[in-house]
J.: 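Here's a structure for you.
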Amino acid sequence: MCSEMKKDRIIPAHIAIIMDGNGRWAKRRGLPRTAGHKKGAEVVEQILEDADHLGVRYLTVYAFSTENWSRPAMEVKALMSLLRRYMESSLVKCEKNNVAVRVIGDKTKLDKDLQASIRVLEEATKDNTGIHFQIAINYGGRDEILRGVRNLAKRIESGETKADDITEEMIAAHLDTAGIPDPDLLIRTCKEQRISNFLLWECAYTEFYYTDVAWPDFDKAELERAIDAYNQRDRRYGGLDSGEQ
Ligand code: IPE
Ligand code: IPE
Ligand code: MG
């Protein structure tokens, strides 16, 4: 694509990514699955910078699902160690790049020390005005809706709200993603074409993009390819094309 066209393209305000294929990437190289996760973790940091430079305002990545606990204990431990390392080591870089970090998902099931390091990073970066970086850990779309519904039900129990007064906005305000605009573009790497319980409420009108590239091989050129594909989409939201009657 020529640079002129590149200038004209719309950059999605919010990109969500299902970072898949770390295990397959490692297996292809005769390496343990954990080596794929390690490389994958490096790629996230680079893509965060690339997305920021391209003008993306919100980046949300799926790091660990509510279903991923069913993996072998050693793999879960390795994934948690990578997340712990990220929380503990990225503060300086986030400050330098003005990144605001937020973890979505049920944090109460994580190790206490990981919860503490998440709190420190979130608190330290919450007023940063650059890219908003959401990391989904122990996240499941259904679990998020369930927790939100429980909190809403408590308001009804206490008499604060009436059931008939519940609105879509109130439900959205009770999700982990409260205050964050819905994703414009969802990217899933490594061939699979499914949502795997990610951002179920939020993706009502999100454009989906799938690539065969495994997450550890994903780079800025791939990100731009996804953005270019997004620019070919016609977002109708149930209506008609602009210009049609
Ligand atoms: C994505 O890669 C990372 C997580 C789900 C934590 P996978 O570990 O799912 O890699 P594949 O799909 O087995 O190749
Ligand atoms: C989705 O990938 C979860 C993350 C990327 C964290 P999975 O590899 O767990 O999803 P399935 O099992 O292929 O649906
Ligand atoms: Mg997978």
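Source: prediction; values computed, not measured. Heads up: numbering here begins at 1 and tracks the sequence. All ligand and atom numbering here is 1-based and tracks the order in the structure. Atom set for the values below is all heavy atoms of this structure, side chains included, hydrogens, waters and symmetry mates excluded.
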J.: Could you find the nearest protein heavy atom to atom 14 (O) of ligand 2 and give me its residue, atom name and distance?
T.: S196 OG, 2.6 Å
J.: Considering distance alone, does some N or O of D20 sit under 3.5 Å from an N or O of ligand 2?
T.: yes
J.: Do me a favour and list the nearest non-hydrogen protein atom to atom 13 (O) of ligand 2 with residue, atom name and distance?
T.: R194 NH2, 2.8 Å
J.: Counting only nitrogen or oxygen atoms and a 3.5 angstrom limit, does W25 reach ligand 1?
T.: no
J.: Could you tell me whether R233 atom CZ has more than 12 heavy atoms of other residues or ligands within 6.0 Å of it?
T.: yes
J.: Does any N or O of ligand 1 fall below 3.5 Å from an N or O anywhere on G23, backbone included?
T.: yes
J.: Is it the case that atom CZ in R150 sees more than 12 heavy atoms from other parts of the structure closer than 6.0 Å?
T.: no
J.: Out of K39, K77, M74, which one pairs with T34 under the side-chain contact (heavy atoms from CB on, under 4.5 Å) rule?
T.: M74
J.: Find all atoms of ligand 1 within a distance of less than 4.0 Å from any non-hydrogen atom belonging to L79, and give their numbers and elements.
T.: 6 (C)
J.: Salt-bridge test for R236 and D234: reply yes if a basic N is under 4.0 Å from a carboxylate O, no otherwise.
T.: yes
J.: Linking I/L/V/M/F/W/Y whenever their side-chain heavy atoms sit closer than 4.5 Å, directly or via other members, would V61 and I118 fall into one cluster?
T.: yes
J.: Hey, can you tell me if Y139 and Y62 have their rings parallel, tilted or perpendicular (30° and 60° cut-offs)?
T.: perpendicular
J.: Does the pair R147/D176 count as a salt bridge with the N-to-O cut at 4.0 Å?
T.: yes
J.: What atoms in ligand 1 come closer than 4.0 Å to a heavy atom of H37?
T.: 3 (C), 8 (O)
J.: So F218 and W215, would you call those rings parallel, tilted or perpendicular, with 30° and 60° as cut-offs?
T.: parallel
J.: Which atoms of ligand 2 are found less than 4.0 Å from any heavy atom of F64?
T.: 6 (C)
J.: Could you give me a count of protein N/O/S atoms that are under 2.8 Å from the Mg ion (ligand 3)?
T.: 1
J.: Can you give each donor-acceptor pair under 3.5 Å made by side-chain atoms of residues 47-58, sequence neighbours left out, with the distance rounded to 0.1 Å?
T.:
| unit_1 | atom_1 | unit_2 | atom_2 | d |
| --- | --- | --- | --- | --- |
| D50 | OD1 | Q46 | NE2 | 3.0 |
| H53 | ND1 | E49 | O | 3.3 |
| R57 | NH2 | T129 | O | 3.2 |

J.: Does ligand 2 have an atom under 4.0 Å from some heavy atom of R24?
T.: no
J.: Looking only at non-hydrogen atoms, find the nearest pair between T125 and V101 and report the distance.
T.: OG1-N, 3.0 Å
J.: Which one of K27, E75, R71, M19 has a non-hydrogen atom at the shortest distance from atom 8 (O) of ligand 1?
T.: R71
J.: How far apart are the closest heavy atoms of D20 and R188, and which atoms are they?
T.: OD2-NH2, 2.8 Å
J.: With a 4.0 Å cut-off on heavy atoms, does G40 reach ligand 1?
T.: no
J.: Evaluate R119 against E122 for salt bridge (charged side-chain N to carboxylate O under 4.0 Å, His left out), listing each step before the verdict.
T.: CA-CA 5 Å; R119 260 197 308 276; E122 283 182 332; over 6 Å; no
J.: Can you find an N or O of N68 that's nearer than 3.5 Å to an N or O of ligand 2?
T.: yes
J.: Given side chains that start at C-beta, do those of P12 and E207 come closer than 4.5 Å, heavy atoms only?
T.: no
J.: Output the list of atoms in ligand 1 that are nearer than 4.0 Å to some heavy atom of A63, sorted by atom number.
T.: 6 (C)
J.: Answer yes or no for atom 11 (P) of ligand 2: protein heavy atom present at a distance under 4.0 Å?
T.: yes
J.: Run down the list E67, R188, E192 and name the one with the heavy atom closest to atom 2 (O) of ligand 2.
T.: R188
J.: Applying a strict 4.0 Å limit to heavy atoms, is G21 in contact with ligand 1?
T.: yes
J.: With hydrophobic residues grouped by side-chain heavy-atom distances under 4.5 Å, do M19 and I104 end up in a single group?
T.: no
